[in-house]
**Student:** 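Below you'll find the structure I mean.
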Amino acid sequence: MTDHAMLSGTYSRREGARLTLIFATALLSVAAIVATVTSGLRYPLIALAFAGLIVLGEILRVRLPSGRDAAPIGMAGAFGYGLIFNVSGTRIDQPLYQVIAVVAVAMVAGAVPHALAGRSIWPGDIARRLLLVSAVAVTFHTLAATWVPNVGEDTTQLRGIALLMALVVFIGSLVDACLTAGLRALLAHAPFRSMLNDEMRAALGLGLAMGATGVLIALATPSMHLYALPIFCIPLVLTQFAFRRYAAIRTTYRQTIRSLAQVTEVAGYATDGHSRRVAELAVALGRDLGLDSQRLLDLEYAALMHDIGQISLHDPIDSASALAVTPAGRQRIAELGAEIIRTTGVLDRVAVLVGRQAEPYRRHREAPDASLPLESRIIKVASAYDDVVGDDTSLEARADGLERLRLGMVFDYDPRVVEALPRVLRRLDGRTRQFQF
Amino acid sequence: VLVAVGVTIAVDCVVNWLLLSAVLRFTTGTSILGTWWSAVAGYATSQVGYSVIGLLMAVLWAGGVGPLAAILILLPLLIARWAIQQHADEYAAYEATIRSLVRAVEAKDLYTRGHSERVSKASVLIAHQIAMREDRVDALRYAGILHDVGKLGVPTSVLRKSGKLSAEEFEAIKQHPLLGLEMVQDIDFLAEAHAGILHHHERMDGRGYPHGLVGEQIPEFARVIAVADAFDAMTSTRSYRDARPVDEALLELRRWAGSQFDPVMVQALVTAVERHGWEPADIPEQIRRTAASVSALADHDDPAVSNGAVSEGAELTSLP
């Protein structure tokens, strides 16, 4: 395949899996709604209370440090409604399709204000969460009906029910994390392992808090009626608030590094936007080559600051540009940069990545250096590519950039990274249409 | 059940408050009513929260759920605690990073080493003196650290020039607040600090730059930073003169209050320095000698320099 064909190819095949999921979930929801409407809504007050909580929770969604959105209170309400079996001594034996219908309507209703406000909504994410709640509800009620005698009638012995609920929600969340990781790996063309790493981290963090709250609500309604809903959400509100602040400082940190990394451009050492473009490309390459989110963040910071060593050079512009073309000069800039970053005391990993970015991936008559971090090799490729191409997005410029990297593949540039480059570039083009799972 | 829980918590709070105020009454002599508000605001909310959680746990546990109730209730709290810890770590990391990067930028110039941090410190002194709100003080601290970051975009030859600056060169210096703003404007967290960085060289009489704002038009942050900036410049050693003593610098600031500086901020700094003292820049003798042989630097923050440069053609009096 020629470079031109590789670079201009469209990227949409993998969207199929996601669309299938959304379509299937929508079909399931419509069927559940039709069944509920024809058979009549049972326990409308309870349904309304839970639907209200879910809508509110979806409206108050929170941006997580990982950059993804979550609706912890909405999910806790949905789990609660899926698990509820008794309210103030009255057995609740609503049909399971009603659970699916109410949760589906409430989740979609909660997304409407966001859509109206022009914020992005992710149908794939809503579908996934609806499926999780449905699966948990069906599994719990089926198992409870066979294992626990008189479920819903006798509320003095909740031990078994509580254990069953907790297990079903926990296992359900883990299975969901695996499936989501698989789907995301398929969509983003990323290795399953690193995606699973990220998903598990989310499932064991906020995911556990949401599940526990849902279980608590369902366990408390026998004695506390519907007051259990707001009361047990209080700790979750605190959790959500803590996550919001954590995410905010993460954002500020990133914005600040991004801004201060521009010093090399403001001072005339580098072309405008170089550090940002290199960081964007490096992160995309890193994702393609299987780095998880923690390593991606370090890679992003390292790529943003990869030229920062230049500000330590005594006499600026002339010597910097002269130095930048010799391998020894590049090595010197990398080491100076690592020194600066190391003085922060908190970015040691980033400092290592910056310090080793100038090293060739292998030397004459030697095997590739296994200790050289993949991140450093990625930065080397991304930076060299941007030096040739810059902000020129024409296919000719890109082909030139690729050609130069291929010529350097023998020693300088890691062939694995260079081979990933065309497909990553293609994906960056189609990114505007990408949805997040 | 809920009524019982509510009454229990109320009784707990009242008893706690009574005991606490009794202790305070005997130890410090504050009145019982006086402690009421601080008790409610600072303490009762979390107390009520924990009580609710504890009692709910007991209700569920005794209601037949067993120890699992404790695990389920504590999970969200533990996870919140984890997130709060992450936030604290990240915040500390953020602060350390911003300081080191600014220090790295300053490292190019031996004489302004530590300048940004001292300006930040002096700005915070002023802010506390004029009773600025705590979250604004935080933003001001960062504005102080970052105020000169745009200097990096001014050619070093101009920054280090000894002797009179041509109109053209002075134009180049005037660019640094704009360049600084350009660099940090994407940091949303610093919204109010942006104005402080952009306008820190404005003068009360309107002869400053970049926009020639007059008096109250100048954002408060900028008026604070302007005073702190000049104060540190005067109390630091420069290649063309030795550091001035603190009281002499304060006297000088007073002299320019009204024309160059906001008198309120100058007075606040004078009072704050009287109260807390001030540790001026410490530049080792050895560095001084090496640097002096390399270049003589007219500091753009020095009032003598900035005033001289404004009045057309005036000699920079304090240059060697």
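Predicted, not measured: the structure shown is a model, and the values here were computed from it. All values below were derived from every heavy atom in this structure, side-chain atoms included, with hydrogens, water molecules and symmetry-related copies excluded. Lettering follows sequence order; numbering is per chain, from 1.
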**Student:** Over all heavy atoms of both residues, which pair between A:Ala166 and B:Leu68 is shortest? Give the atoms and the distance, please.
**Tutor:**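 Shortest heavy-atom separation between A:Ala166 and B:Leu68 comes out as CB-CD2, 4.2 Å.
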
**Student:** Measure distances from A:Met210 to the heavy atoms of chain B and classify the residue's part below 4.5 Å as side chain, backbone, both or neither.
**Tutor:**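 Neither part.
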
**Student:** In terms of heavy-atom pairs under 4.5 Å with chain B, which of A:Ile257, A:Leu216, A:Leu206 leads?
**Tutor:**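 Most pairs with chain B among the choices: A:Leu216.
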
**Student:** What I'd like to find out is whether the side chain of B:Gln86 reaches to under 4.5 Å of the side chain of A:Ile249, using heavy atoms alone.
**Tutor:**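 Side chain of B:Gln86 against side chain of A:Ile249, heavy atoms only: no contact under 4.5 Å found.
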
**Student:** For A:Arg159 and B:Val65, which heavy atoms make the closest approach, and how far apart are they?
**Tutor:**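 Smallest heavy-atom distance, with atoms named: CG-O, 3.6 Å.
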
**Student:** Indicate yes or no: at least one non-hydrogen side-chain atom of A:Tyr253 is less than 4.5 angstrom from one of B:Phe189.
**Tutor:**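 A:Tyr253 does not reach B:Phe189 side chain to side chain.
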
**Student:** Assess whether side chain to side chain contact (heavy atoms under 4.5 Å, CB included) is satisfied between A:Tyr246 and B:Tyr91, documenting all intermediate values.
**Tutor:** CA-CA 9 Å; A:Tyr246 178 27; B:Tyr91 193 84; over 6 Å; no

**Student:** When rounded to the nearest 0.5 angstrom, what is the spacing between CG in A:Leu260 and CG in B:Leu146?
**Tutor:**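 Going from the CG atom of A:Leu260 to the CG atom of B:Leu146 covers 6.0 Å.
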
**Student:** Taking B:Met183's backbone N and O only, do any of them form a donor-acceptor pair with A:Gln262's side chain (distance below 3.5 Å, no angle check)?
**Tutor:**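 Pair found, side chain donor or acceptor close to backbone of B:Met183.
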
**Student:** Name every donor-acceptor pair, under 3.5 Å, that has one atom in a side chain of residues 229-244 of chain A and the other anywhere in the protein, sequence neighbours excluded.
**Tutor:**
{"from": "A:Thr239", "atom 1": "OG1", "to": "A:Pro235", "atom 2": "O", "distance (Å)": "2.8"}
{"from": "A:Thr239", "atom 1": "OG1", "to": "B:Pro76", "atom 2": "O", "distance (Å)": "3.0"}
{"from": "A:Gln240", "atom 1": "NE2", "to": "A:Leu60", "atom 2": "O", "distance (Å)": "2.3"}

**Student:** Verify, without hydrogens or angle tests, whether A:Gln255 (side chain) and B:Asp188 (backbone) share a donor-acceptor contact under 3.5 angstrom.
**Tutor:**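 The answer is yes, because a donor-acceptor pair under 3.5 Å joins these two groups.
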
**Student:** In sequence, state the C-alpha distance, the side-chain angles, and the governing distance for B:Arg103 and A:Ile340, and then conclude on side chain to side chain contact (heavy atoms under 4.5 Å, CB included).
**Tutor:** CA-CA 9 Å; B:Arg103 229 175 276 148; A:Ile340 291 172; over 6 Å; no

**Student:** Where does B:Leu60 contact chain A at under 4.5 Å (heavy atoms): side chain, backbone, both or neither?
**Tutor:**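 Side chain of B:Leu60 only, per the 4.5 Å heavy-atom cut-off to chain A.
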
**Student:** Might you confirm whether atom CZ of A:Arg119 has over 12 heavy atoms from other residues, nucleotides or ligands at distances under 6.0 Å?
**Tutor:**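 For A:Arg119, atom CZ is crowded (more than 12 foreign heavy atoms under 6.0 Å).
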
**Student:** Checking B:Ile84 against chain A: side chain, backbone, both or neither under 4.5 Å from a heavy atom?
**Tutor:**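 Both parts, heavy atoms under 4.5 Å.
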
**Student:** Would you compute the distance between atom CG of B:Leu78 and atom CG of A:Leu208 and round it to the nearest 0.5 angstrom?
**Tutor:**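 B:Leu78 atom CG to A:Leu208 atom CG measures 10.5 Å (nearest 0.5 Å).
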
**Student:** Under a 4.5 Å heavy-atom cutoff, which of A:Leu219, A:Thr256, A:Thr343 has the most pairs with chain B?
**Tutor:**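 Sorted descending by pairs with chain B, the first entry is A:Thr256.
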
**Student:** Is A:Arg276 atom CZ crowded by more than 12 heavy atoms from other residues, nucleotides or ligands, each under 6.0 Å away?
**Tutor:**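 Yes, CZ of A:Arg276 has more than 12 neighbouring heavy atoms, counting only those of other groups under 6.0 Å.
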
**Student:** In Å and rounded to the nearest 0.5 Å, what is the CG to CH2 distance from A:Leu158 to B:Trp61?
**Tutor:**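 These two atoms lie 14.5 Å from each other.
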
**Student:** Is chain A contacted by the side chain of B:Leu190, its backbone, both, or neither, given a heavy-atom distance below 4.5 Å?
**Tutor:**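 Interface part for B:Leu190: neither.
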
**Student:** Does atom CZ (A:Arg63) have a neighbourhood of more than 12 heavy atoms from anything else shown, all under 6.0 Å?
**Tutor:**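 Enclosed: over 12 neighbouring heavy atoms sit under 6.0 Å from CZ of A:Arg63.
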
**Student:** Heavy atoms only: give me the nearest B:Glu90-A:Arg250 pair and the separation to one decimal.
**Tutor:**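 Taking every non-hydrogen atom into account, OE2-NE, 2.7 Å.
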
**Student:** Could you tell me which of B:Leu56, B:Ile79, B:Leu75, B:Val149 has the largest number of non-hydrogen atom pairs under 4.5 Å with chain A?
**Tutor:**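 The residue among B:Leu56, B:Ile79, B:Leu75, B:Val149 with the greatest pair count is B:Ile79.
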
**Student:** Using 4.0 Å as the upper bound for N to carboxylate O, is an ion pair formed by A:Arg254 and B:Asp186?
**Tutor:**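 The answer is no: the pair does not qualify as a salt bridge.
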
**Student:** Which heavy atom in A:Thr344 sits nearest to a heavy atom in B:Ser100, and how many Å separate them?
**Tutor:**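 Taking A:Thr344 first and B:Ser100 second, the nearest heavy atoms are CA-OG, 3.0 Å.
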
